[in-house]
K.L.:
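Encoded as C-alpha cells, here's the structure I'll be asking about.
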Amino acid sequence: MQTSIPAGSYLVDPREIEFLLFEQLQIQKEFFGKKPFSPKLDQKLALELLSQAYRFAQKLGEAYQSADQEECRLRADGHVEIPSKFFSLWAEYISQWGVDPLRKKLGKADGERIEPLMPNVLSQVILEMFMGANPSFMTYGGFTIPAAKLIAANGTEEQKDIFLDNLISNKWDACFCATEKDAGSDITAVRTRAVGHQDQVYSIQGEKIYISAGMHSLTSNTIYFVLGQSRTARSDGYHLSCYLVPRFWWDSSAQQWINNNVECVKVEEKMGLKGCANTHLVFGRKGETKAFALGNKQNVGLLQLIPLMSEARVGTALFGVGIASSAYLHSVRFARQRVQGRLIREAFNTQNERVPIIAHGDVQRMLLDMKSRVEGCRLLVSMLCMEASRVQMMQAGPEVDRERLARSKRLVATLTPIVKAYVSDEAWRICETAIQVHGGIGYLKDLPIEQYARDVKILSIWEGTNYIQAQDLLRDKLGYGLNSLSMKYLNEDFKEFIQSKDCFPRFHTLFERVQLAWRMTEDVVLWIGKLVKEGQLTESTQFFTRCLFVIGTTCVAWKLLEAACTAQKGYENAESSEDMSFYEGKVKSAEYFIFNLLPSVECYHGVILDSKHSIFEIDSNQFNQTNRKFGA
Ligand SMILES: Cc1cc2nc3c(=O)[nH]c(=O)nc-3n(C[C@H](O)[C@H](O)[C@H](O)COP(=O)(O)OP(=O)(O)OC[C@H]3O[C@@H](n4cnc5c(N)ncnc54)[C@H](O)[C@@H]3O)c2cc1C
C-alpha cells in the first residue's frame, strides 16, 4: 500500500507546545526575567530554542528506524558497536545542546556552572522532543548532567576536580549501575562489593546487568555510578554505597589513562530500544577495578542517589509523552489519507463516495482517545515541572520562603512516581491504539508505528517497575494517606482551580464530574490508610497500582479541564478559523476524557472501598500447572 507519510519522521504540533507553555502555563509571566534563569530569556528566544530543538529532533527522527535495524553488537575484542549514525548526531548534540553551548545561546546566568539557564518546564518540552524522536540515542549520556549535579552536591574537592568539567563538557558520560542478576526491584540483594581501600581509592568486584549505554566510543571515558556494598555495610542491605568507577583510570605515576578493567561480556538482545547498548558489565575480574566512594562516604549511597533516580523517573515520563505524541500525530495524518469504506448510513450503495477513515466514528474515537491521553500526560508532567521550576526560582531568590519551598519540593517528590508510572502505562496504550488506527501497515516495519510500541514498553519496567512507583507513592510519599501533607497541598491547588467554575458556565457539568472524581480520589487514599491501620498492610498493596492510576487520572482530568478553560478564552479572541478549530479541539480533549475515561475512577473507587470482597487470597498452587499430563 502506498502512503505519503515519510518513514521514520518524528512529528510534533508546535501550536500545541506554544499553547501549553505560553497560554495555559504562562511561563513567560512566572519565570522569564527571574533568577536564576538567563536574563536574555524571553518568549521570542524561547520560541527560537523550540524551533532549533524541533529541527534537531527531526534529524534524530531520521535515524530512528535505521538504529533499530542496525542494533548494537559486542565484538570479540570487547568493543561494542552502536548504530553508525549516532556518531555524527552525538557531535551535533553536544555542540548544540550541551551545557556550554546552551550558555552561549542564552548568556551567562548567576551561580554555578550547572545552574539552570531555563526553567525546568521549558527544558521539559525540549527533552520530550529529543526523547520522542530517538529514545535509544538519548540514553547515551542520559545520566551525565544528573551525575554531575550529584558530584557537585556530594563529591570531595578532588572528585569535583577530576569529574565535573569532563562531565559537564560531555567529554565523558555517566551510567547508573544498580541492577544485578538477583537484585532487580530488590536492591538489598546487591552483591557487588568494595574489597580494598587505600588513600580513598577502593577496589570493586561484581557484575551489573542491563546497563543502558554501558559501553560505547562516543566519549573518551565513562563514569559508572555503581551501587555496591562496603566492608562496613550493615546486613540490612539498605546501607549501600555509591562508587564512582571510571572506565579509564588516570595512572599518575605513568602519567596516562589506563584500562580500569570494566568488561562488557554481553550486549542484550531485546524487544525494542535496540539502538541502546544494554550491557552486562563485570568489574575487577581481569585485574583491579579502582573506584572512589562518592564524597568518600560509604553506606549512604541510596540516599545520595535519590536526586539522580528521581530525574531518571521524570525523564522516563518525558520519553513516554514524546513517543506517544508522535504515534498519535502519525495516526491523525494516516487517518486523513487512508480511504476505506463509506459512511455507515451510505454504505448500502457502492456508488457513494468512499471516505478517509478519519470520517468513521470508531476511528474518531481512537484518535480522540489518543489526543486526550497525550495532552493529559504532557500536562501531568508539566504539573511536576512547574513546581520544579518554582523550586529553581525560590532557591535562587534573595530571601527564601522556606514554607513555600518545602511545599513545592514535596509536590515534586509526590508527583514523581505518579508521572513515571501513569505516563508510561498510558504511553504503551496510546502506541497500541496507533497500530490499530493504521490497520495492517501499522504492524509492518514500513512505518515507525510498531517500533513505537516496542520501544515504549520498557518505560513501565526500568527506573523501578510501576508497582515500585505505586509503593513509593502510597508508603513513602503519602504515608498511606494518614494525615498526608502531599494530599493537603494537592487539595489546596485543586480547590483554587475549582473557584474558577462560575466563569465557565459551558463547562459546569465537566467541573462537577471532576469534583466528584476528586472526592473519590481522596476516599481511596484514606481507605488505604484505614486498611493499614486495621493491620491489612499486605492486603492493601493489591490496590496500590490502581490507587496511583486513580490519582493520575483525576489530576489529568483537572488539568485538561484547565486547558479547556484557557482554550475558551483563546477562542473568544481567535483570529483565524484554524485557531478556532485548535481551541475547540482542546475542549473536545477535556470532554472526551472526562465523559469517557474519568469514569474509571468511579469504578476503582467502588472496587477499593469494597475491599471486603475485592481483596483476594490465592495460594501459588491455585494457579494453573504446566507439568501435568493428559489423562493422568
Ligand atoms: C532495556 C533496559 C534498560 C535498563 N537499564 C538499566 C540501567 O541503566 N541501570 C540499571 O541499574 N538497571 C537497568 N535496567 C534494569 C531495570 O531497572 C530492572 O529490570 C527493573 O528495576 C526491574 O527489575 P527486574 O527486571 O529484576 O524485575 P523483578 O524485580 O524481578 O520484577 C518482576 C515483577 O515482580 C514485581 N515485583 C518485584 N518485587 C516486588 C515486590 N516487593 N512487591 C510487589 N511486586 C514486586 C515487579 O513489579 C515486576 O512486575 C534496565 C532494564 C532494561 C530491560
Side-chain angles (χ1 to χ4, degrees), residues 67-68 71-72 80 82 131 135-144 146-147 173-192 206-216 222-228 237-238 240 242-243 245 262 264 266-283 301-302 305 308-309 311-313 315-316 319-320 323 417 420-421 424-425 428 451 454-476 537-548 618 620:
D68 183 63
E71 303 193 30
C72 300
V80 175
I82 64 168
M131 288 180 171
S136 289
F137 174 81
M138 291 301 291
T139 60
Y140 295 92
F143 280 111
T144 306
D173 69 328
C175 286
F176 177 49
C177 305
T179 308
E180 298 178 8
K181 194 169 146 281
D182 293 321
S185 303
D186 180 10
I187 225 69
T188 63
V190 157
R191 292 291 167 264
T192 294
E207 298 190 22
K208 296 285 177 183
I209 59 169
Y210 301 163
I211 305 307
S212 297
M215 187 94 31
H216 58 82
T222 295
I223 313 306
Y224 302 97
F225 281 60
V226 177
L227 259 187
Y238 287 103
L240 296 169
C242 174
Y243 295 102
V245 181
V262 180
C264 172
K266 189 178 176 204
V267 170
E268 306 294 346
E269 288 185 30
K270 51 197 196 295
M271 168 180 178
L273 213 66
K274 292 176 184 242
C276 165
N278 282 96
T279 51
H280 180 157
L281 301 175
V282 179
F283 302 95
L302 286 177
L305 282 162
L308 180 131
M309 293 195 278
E311 270 195 61
R313 288 170 180 179
T316 295
F319 173 163
I323 290 215
K420 191 283 181 183
S424 56
D425 280 340
W428 164 246
Q451 190 186 336
R454 286 189 287 109
D455 283 358
V456 93
K457 187 59 206 134
I458 185 57
L459 304 184
S460 64
I461 298 167
W462 73 10
E463 307 308 345
T465 63
N466 282 0
Y467 169 74
I468 297 297
Q469 305 303 316
Q471 182 178 286
D472 176 44
L473 175 69
L474 268 300
R475 186 186 63 190
D476 304 338
L537 170 59
T538 305
E539 293 82 352
S540 74
T541 61
Q542 292 178 11
F543 296 135
F544 284 8
T545 299
R546 285 173 281 182
C547 194
L548 184 148
I618 183 161
S620 166

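As a basis for the values below, the full set of heavy atoms in this structure was taken, side chains included, without hydrogen atoms, waters or symmetry mates. Every number for a ligand or one of its atoms is a count from 1 in the order of the listing.
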K.L.:
When you pair each N or O of ligand 1 with protein N or O atoms, which pairs come out under 3.5 Å?
P.N.:
residue: ligand 1; atom: 5 (N); partner: Tyr210; partner atom: O; Å: 3.1
residue: ligand 1; atom: 5 (N); partner: Ser212; partner atom: OG; Å: 2.8
residue: ligand 1; atom: 8 (O); partner: Ser212; partner atom: N; Å: 2.9
residue: ligand 1; atom: 8 (O); partner: Ser212; partner atom: OG; Å: 3.4
residue: ligand 1; atom: 9 (N); partner: Phe176; partner atom: O; Å: 2.8
residue: ligand 1; atom: 11 (O); partner: Ala178; partner atom: N; Å: 2.8
residue: ligand 1; atom: 11 (O); partner: Thr179; partner atom: N; Å: 3.0
residue: ligand 1; atom: 11 (O); partner: Thr179; partner atom: OG1; Å: 3.2
residue: ligand 1; atom: 12 (N); partner: Thr179; partner atom: OG1; Å: 2.7
residue: ligand 1; atom: 29 (O); partner: Ser185; partner atom: N; Å: 2.9
residue: ligand 1; atom: 29 (O); partner: Ser185; partner atom: OG; Å: 2.6
residue: ligand 1; atom: 47 (O); partner: Thr465; partner atom: OG1; Å: 2.8

K.L.:
Does any pair with a residue in residues 268-280 pass salt bridge (Lys or Arg N to Asp or Glu O under 4.0 Å), and if so which ones, sequence neighbours excluded?
P.N.:
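Of all non-adjacent pairs touching residues 268-280, those that pass salt bridge (Lys or Arg N to Asp or Glu O under 4.0 Å) are Glu71-Lys274, Lys266-Glu268.
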K.L.:
Angle between ring planes, Tyr467 versus Phe544, binned at 30° and 60°: parallel, tilted or perpendicular?
P.N.:
parallel
K.L.:
Side chain of Thr139, backbone of Ser212: donor and acceptor closer than 3.5 Å?
P.N.:
no
K.L.:
Considering residues at least two apart in sequence or located in another chain, which fulfil the side-chain hydrogen bond (donor to acceptor under 3.5 Å, both in side chains) criterion with Tyr238?
P.N.:
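Counting only residues at least two positions away or on another chain, Tyr238 forms no side-chain hydrogen bond (donor to acceptor under 3.5 Å, both in side chains).
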K.L.:
List in chain and number order the residues that pass side-chain hydrogen bond (donor to acceptor under 3.5 Å, both in side chains) with Ser460, two or more places apart in sequence or in another chain; answer none if no residue qualifies.
P.N.:
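Ser460 satisfies side-chain hydrogen bond (donor to acceptor under 3.5 Å, both in side chains) with Lys457 only.
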K.L.:
Under the side chain to side chain donor-acceptor pair (under 3.5 Å) criterion, do Asn466 and Ser424 qualify, and how do the steps go?
P.N.:
CA-CA 8 Å; Asn466 282 0; Ser424 56; 2.9 Å; yes
